[in-house]
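Structure first, then comments.
Each chain gets a letter, A, B and so on, in the order the sequences are listed, and its residues count up from 1. Nothing here was measured: the structure is a model prediction, and the numbers come from that model.
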Number of protein chains: 2
Amino acid sequence: MNRFLSHATNRIDAKGRVSVPSAFRAVLSEAGVREVYCFQDFVFPAISVGGPELLERFEKQMAAEDPFSDAANQMSLLVHGGGVFLKLDSEGRLMVTDFIRDFTGISTEVTFVGRGDHFQLWEPQAFARAQAEAREGRKQRGLRPG
Amino acid sequence: MNRFLSHATNRIDAKGRVSVPSAFRAVLSEAGVREVYCFQDFVFPAISVGGPELLERFEKQMAAEDPFSDAANQMSLLVHGGGVFLKLDSEGRLMVTDFIRDFTGISTEVTFVGRGDHFQLWEPQAFARAQAEAREGRKQRGLRPG
DNA sequence: GCTTCTCCCATTGACGCCCATATGGTCCCA
DNA sequence: TGGGACCATATGGGCGTCAATGGGAGAAGC
């Protein structure tokens, strides 16, 4: 399978590391990704993670605008200033830095959430709430899967 | 990776020095930069830092316009009058001069913010606010990653 | 002569690389 | 069908290296 699906919660160890679920790692390695690009999501209190093409997509979007415009400036502040390349250790773990903790509220556990072409890091409770809200929103609009 | 990404906050020591994050130093040395060009940002209360090619880019842009125009005049005032060359010490630290403090409000800590082809020095609180505003602006415009 | 900056060295805490253990699952074979 | 070997994943920890920081002493400028 070539996309990120499902979610799972893993523990952060004493050194501040957490294992990326093997299903996600498989998708990454199949895509030949060695360093992952992580950025503070624009909408949710979550870190979005994917291959370098994620960043390139943003940069292309910025390049299309006037580089001195407000919009491009603000976007760079988020995409460059709020993004970073991380690499996994030999066991497929990543360091949960302050960069991640401060933005997500993560402290002892991380919920990995598949989002198709990328995945996200959530504080478990926050994810449960956001998912419940999303479900509620869908119900009210009377939408059905499929 | 060959661009400036992420942000990190370092302390200013008793002598008024602060360490440039090693990730940024790596980008600089990879580009063969020995002296960095610093100038007061046009938009934010931040100092922008990069290699000499940053200055050259501005000068090229000025040269492209009518040299006696208001725009070129103002730009020179900022780029030349508001810019200096600084060099890092052997440990990769830079002196936080009054030039930097007065314009940014920096006093005891510096937040380094990657901006792709350059990076910036911010007062930590000011950066947090600016980033929050940028995120808010994006939300209102209804844009989403991808 | 005193202040300010530069180069050098020391400390300490964090991170990267490596190997070890546990837990749960699957497969094979009797 | 039950037991056991085997395997993969998640997790724990040792240890060397490097980055961030602190401070000393010489060099340069006022």
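- At whole-Å resolution of the value, CG in L88(A) and P in dT9(D) are 14 Å apart.
- Atom CZ of R93(A) is separated from atom C1' of dA20(C) by 11 Å (rounded to the nearest Å).
- Contacts between residues 6-17 of chain A and DNA chain C, defined by a heavy-atom separation below 4.0 Å, involve K15(A), R17(A), listed by number.
- Residue F44(A) is grouped with residue F39(A) when hydrophobic side chains (ILVMFWY) are merged at heavy-atom distances under 4.5 angstrom, including chains of intermediate members.
- In this structure, F24(B) places its CZ atom 15 Å from C1' of dA20(D), rounding to the nearest Å.
- Atom-to-atom, NZ of K87(A) to P of dC18(C) comes out at 12 Å; the value is rounded to the nearest Å.
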From CA spacing to verdict: side chain to side chain contact (heavy atoms under 4.5 Å, CB included), I47(A), Q40(A): CA-CA 5 Å; I47(A) 302 289; Q40(A) 303 172 327; 3.9 Å; yes

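- Note on D117(A) versus R57(A): salt bridge recorded, some NZ/NE/NH1/NH2 to OD/OE distance being below 4.0 Å.
- Under the 3.5 Å distance criterion, with hydrogens and angles disregarded, no donor-acceptor pair is assigned to the side chains of R17(B) and N10(B).
- Residues meeting the side chain to side chain donor-acceptor pair (under 3.5 Å) test with T111(A), sequence neighbours left out: T9(A).
- C38(A) approaches L86(A) most closely through the heavy-atom pair SG-CD1, 3.8 Å.
- One hydrophobic cluster, built from ILVMFWY side chains closer than 4.5 Å, cannot hold both M95(A) and V20(A); they sit in different ones.
- Atom CG of D89(B) is separated from atom P of dG26(D) by 19 Å (rounded to the nearest Å).
- Between F24(A) and F119(A), the two ring planes are tilted [angle within 30° to 60°].
- Contacts with DNA chain C (heavy atom under 4.0 Å) in residues 95-116 of chain B: none are found.
- Listed by first and then second residue, the ring-ring contact (aromatic ring centres under 6.0 Å, His included) pairs that reach into residues 78-117 of chain B are Y37(B)-F85(B), sequence neighbours excluded.
- Applying the 4.0 Å criterion to OP1 and OP2 of dT9(D), one finds that S22(A) has a side-chain N or O inside that range.
- Residue contacts for V18(B): at a heavy-atom cut-off of 4.0 Å it reaches no nucleic acid atom on any strand shown.
- Remark: R93(A) engages D13(A), D89(A), E91(A) in a salt bridge (charged side-chain N to carboxylate O under 4.0 Å, His left out) (not counting sequence neighbours).
- Rotation axes derived from the C1' atoms of the five outermost pairs at either end of the helix from dG1(C)-dC30(D) to dA30(C)-dT1(D) lie 10° apart, to the nearest 10°.
- Scanning both residues, V49(B) and L54(B), for their nearest heavy atoms gives C-CD1, 3.9 Å.
- Counting distance only, with no hydrogens placed and no angle test, the side-chain atoms of E91(A) and the base atoms of dC19(C) include a donor-acceptor pair under 3.5 Å.
- Taking atom CD of residue E35(A) and atom P of nucleotide dG16(C), one finds them 11 Å apart after rounding to whole Å.
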